[in-house]
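In what follows, every chain begins at residue 1, and chains take the letters A, B, ... in the order their sequences are listed. Computed from a prediction, not measured in an experiment: that's the story for all the values here.
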Protein chains: 2
Amino acid sequence: MVDDQPPLPPTLADVAELAGVSRQTVSNAINSPALLRPETLARVQHAIEALGYAPNRAARHLRTGSSRLIGLRMSPAQEFTADATMDRFVHALVEASREAGYHVLLFSGGPVVAGERPDLLAGYDALLRSTAVDAFIVTDTYLGNPQASWLAERRAPFVAFGRPWDDETSGHPWVDVDGAAGTRLATEHLLERGHQRIAWLGWREDSRLGEDRRAGWEQAMAARGLATDGLAVRVEDTLDAGWTASAALLDTAAPTAFVCASDTLAIGVLHTLVARGLRAGPDVGVVGFDDSQVAQVVPPGLTSVRPPLEQVAVELVRALRRLLAHEPHQAEGVLLTPTLAVRGSTARG
Amino acid sequence: MVDDQPPLPPTLADVAELAGVSRQTVSNAINSPALLRPETLARVQHAIEALGYAPNRAARHLRTGSSRLIGLRMSPAQEFTADATMDRFVHALVEASREAGYHVLLFSGGPVVAGERPDLLAGYDALLRSTAVDAFIVTDTYLGNPQASWLAERRAPFVAFGRPWDDETSGHPWVDVDGAAGTRLATEHLLERGHQRIAWLGWREDSRLGEDRRAGWEQAMAARGLATDGLAVRVEDTLDAGWTASAALLDTAAPTAFVCASDTLAIGVLHTLVARGLRAGPDVGVVGFDDSQVAQVVPPGLTSVRPPLEQVAVELVRALRRLLAHEPHQAEGVLLTPTLAVRGSTARG
DNA sequence: CTGAAAGCGCTAACAG
DNA sequence: CTGTTAGCGCTTTCAG
C-alpha cells in the first residue's frame, strides 16, 4: 500500500507529442479522420494505441455540450409482484445505448420524506440544471403522471416508453408495445385450443394501459361471436386481487380459461387453481402478460405475452438520436407487437 | 415546433451578477459556505434559488477530476432463472449513491462477437481511460474472474460485492453476504419444524460461493448430530438441474426437506413435487436462496434466505467514499447476515 | 472575508 | 491538410 494514486491517463497533448503533430491534428484524427493524410492518420492512430488514449469525457462534454449520457429514473422496486420486467429492459437499453455511443445514467426521485408524496420530478430537475445528461428515457407514462408534460415544458429532450395517454397532441417521440395485439394473440391461442368461456382478469378502468390490453381480448372474442358477459373483472394489480377475483369468477361464470393483464394477476389465478386442486393447463388455461422470470419458472410454466423489450430499447435510442440531431421525428411514435411465449399453463390434456 | 432549443442553464457568472458579487464568492457559497458573511451568503443563495442554478457537472468534473459517477457493469440478464436479484440491488445502489452525492453509470461489456468469449474488461477499460467514472462496483467475483485483479493492477478504485475468493491478499474493500449463516438459518428453521432428513441441493464444487452456502447446512446438521451422508448433491444452477436432481434424491435418500443454494434450484424442487403430487410445505419442506420475486409469488410461497441488499449497497458506497477519500479501509471487508423469509413451502400440516 | 488570475482537456474557428 | 488561438464553466491558488 505505497503509492496508490492511479497513473494519470494520457491527454491529447501526449499523443500529439508522441506522433510529432499538433494537438489539433490528433483531435481531427479522432473526430474527422477524413481530413488527415492517410500516412499522418496512421501515425496518430499508432500513438493513440501505444498510449492507450481515450478522450477525456468531461473536457469533451464541456466543450461540445454533450455528455453522451441518457438519464433513466429507477422507480422503486415492487415486491410481491411478478413484474421484474425492468431488469430486462434496462439491460436492453444499456446495450442499445452502447451501440449508439451513449451510457445510461440511473437516478432516483430525490429524498423520500415520510408522509409526503415523493417528488417524481426532483431527480429530472437536478440532472437537467447541471447538464448531466443529454436526454431522458421516461417509462412511467400512466395517466396523470406529470413527468412528460413537465419535461416538454422545459424543452428537455426525452423519449417515452409508453404512449402519451393523457395528451394526444403532446408531440414527443414515444415507443410502446401493442397491448391489444398481445391479448388478442393470447385469446386466439386459447380459442385454438378449444376454449370458449375465456375470462378477462384486468386492471381498474382508469388504467388506459389496462383498457388497451382488455380490448384485445374483447376483439378476439367478438371475432368468434362469443359473448363476454360476466366474464370480465377489474381489480388492483396484486397477487391477492388476482387470487380472490379468479376464485369468484370461477364460481359465478365458470370460465375454462383466463387472460390476464399481468403476470402478477395470472400467478394469482394459479394460486386459486392450486387451492382447488385444479391443474393449470389441462383443467383451466391461464395466460399472463410481461413474460417475467416468474412466468418462465413457475410450475407448470405460465404462457405469457412477451413484450419485445430489446426492440423497444433500440427504437427508443433511435428516436433519441433523431431528436438530439434535431431531425423531425415521426409524429405517431412506434408501436411494437409482442409475441406469445407458450408454456404449460395452456397445454391441453 | 418553432424554437426547440432548451434555454441555456444559468452559470456561476449569472448568479454572481444577480447577487452583485464575484464569481468566486458564488463558488464559495456552494463549496465552503462557512467562509462567507451570513448576509452575503443569504444574498447569493437567494440568487441561486431565483435562477434555478446548479453547477455544471462537466466543468466541475474537469476542474476537480471527480465525475461523481459510479460505474456498474450489467451482466447479461439470465432468462429461465429466478435470480432477478440484480433489480433490487441496482435500486438499492442508486438510492445509497444518491445519498452520498453520486450517480450510477451503467455499462455493458463491449460488443459481443459471435464465437468469441465476450471481453469482460473492455467496458471498464474505456470508462477508466476516459475518466468517466470515479470508481466501480464489481459484482461478479466468482473464482477466476479477472475483473478485480485487472482493476487492482491498474490502480482503479473499486469495491467488490462478493469476497475475493481467489486471492486472500488482494487487499481491496469488499462487502458480501454470509451465505453459510443464511443456510444455517434455513436448516435450523427446518429442524425446528421437525425435519431431520434435510437434503442439500447446491452448486458444483468449484463454486466457492456454493461451498460457503453448503457449509451452513452442514454446520446446522452437525450441531444436531445428524448425518448428511447421501443427502447432498451438486449440480448446475438451472431449473432443470434442480428438477432432475431433487427427483433422484427423493428416490435414493428420501429427504423430507431441501435446502437449496438458489431460488432457481428450489423452484426445480417445486416442479418435482408438483409432478409427484406432493405438497411443498406439508409434505416436503423447501428453502431457496435470494428471496427473488419468484420466491415471493410462486404457490405456495417459497421460504427463502433474503440477502440484505439495501444494507449491502449502503456498505459498498461507504467503502467507496472511504477509498476515494484515501482513508485506510478495514482490511477484512464487511460480511452481512441475511434473514429468512418464511412462506408456505416450509409450513407444516 | 472578498476579488483577480490561471488552467483542467478538449474542439470550433481561423490562419497558414 | 496542419498549426495557432480562444474559451466551454468551474475551482484553486494567491493578494487584498
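- In this structure, B:R37 reaches the C:dT2 phosphate: one of its side-chain N or O atoms is under 4.0 Å from OP1 or OP2.
- For the pair B:L41 CG and C:dC1 P, the computed distance is 11 Å after rounding to whole Å.
- Checking the phosphate oxygens (OP1, OP2) of C:dT11, a side-chain nitrogen or oxygen of A:R60 falls inside 4.0 Å.
- Ranked by how close their nearest DNA chain C nucleotide is to the 5' end, A:T11 and B:R23 are led by B:R23.
- Residue B:S22 has no polar side-chain atom (N or O) positioned under 4.0 Å from OP1 or OP2 of C:dA4.
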- Test log, rule side chain to side chain contact (heavy atoms under 4.5 Å, CB included), inputs A:Y53 and A:D14: CA-CA 9 Å; A:Y53 169 78; A:D14 298 327; over 6 Å; no

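- Backbone-only contact: B:L35 has heavy atoms under 4.0 Å from sugar-phosphate atoms and none from a base.
- The bend of the helix from C:dC1-D:dG16 to C:dG16-D:dC1, defined by the angle between the axes of its first five and last five pairs, stands at 40° to the nearest 10°.
- Nucleotide D:dC14 holds its P atom 15 Å from the CG atom of B:N28, rounded to whole Å.
- Side-chain atoms of A:R60 and A:N31 include a donor-acceptor pair closer than 3.5 Å.
- Between B:V21 and B:A59, the residue anchored closer to the 5' end of DNA chain C is B:V21, taking for each the nucleotide with the nearest heavy atom.
- In this structure, CG in A:L36 is found 10.0 Å from CZ in A:R43, a value given to the nearest 0.5 Å.
- Applying the 6.0 Å contact sphere to CD of A:E17 captures no more than 12 heavy atoms from other residues, nucleotides or ligands.
- With A:F107 as the aromatic partner, A:R73 does not meet the cation-pi criteria of under 6.0 angstrom to the ring centre and within 45 degrees of the ring axis.
- For D:dT11, one of the phosphate oxygens OP1 or OP2 lies less than 4.0 angstrom from a side-chain nitrogen or oxygen of B:S27.
- Distances were taken from every side-chain heavy atom of A:T40 (C-beta onward) to each of C:dG9, D:dT2, C:dT11; the shortest belongs to D:dT2.
- Using a 4.0 Å heavy-atom cutoff across all strands shown, B:L36 reaches sugar-phosphate atoms only and no base atom.
- Within the 4.5 Å cutoff, the side chain of B:R57 has heavy atoms near those of the B:R68 side chain.
- Aromatic ring orientation, B:F136 versus B:Y124: perpendicular (interplanar angle above 60°, classes split at 30° and 60°).
- For the pair B:N31 and D:dT11, the criterion of a side-chain N or O lying under 4.0 Å from OP1 or OP2 is met.
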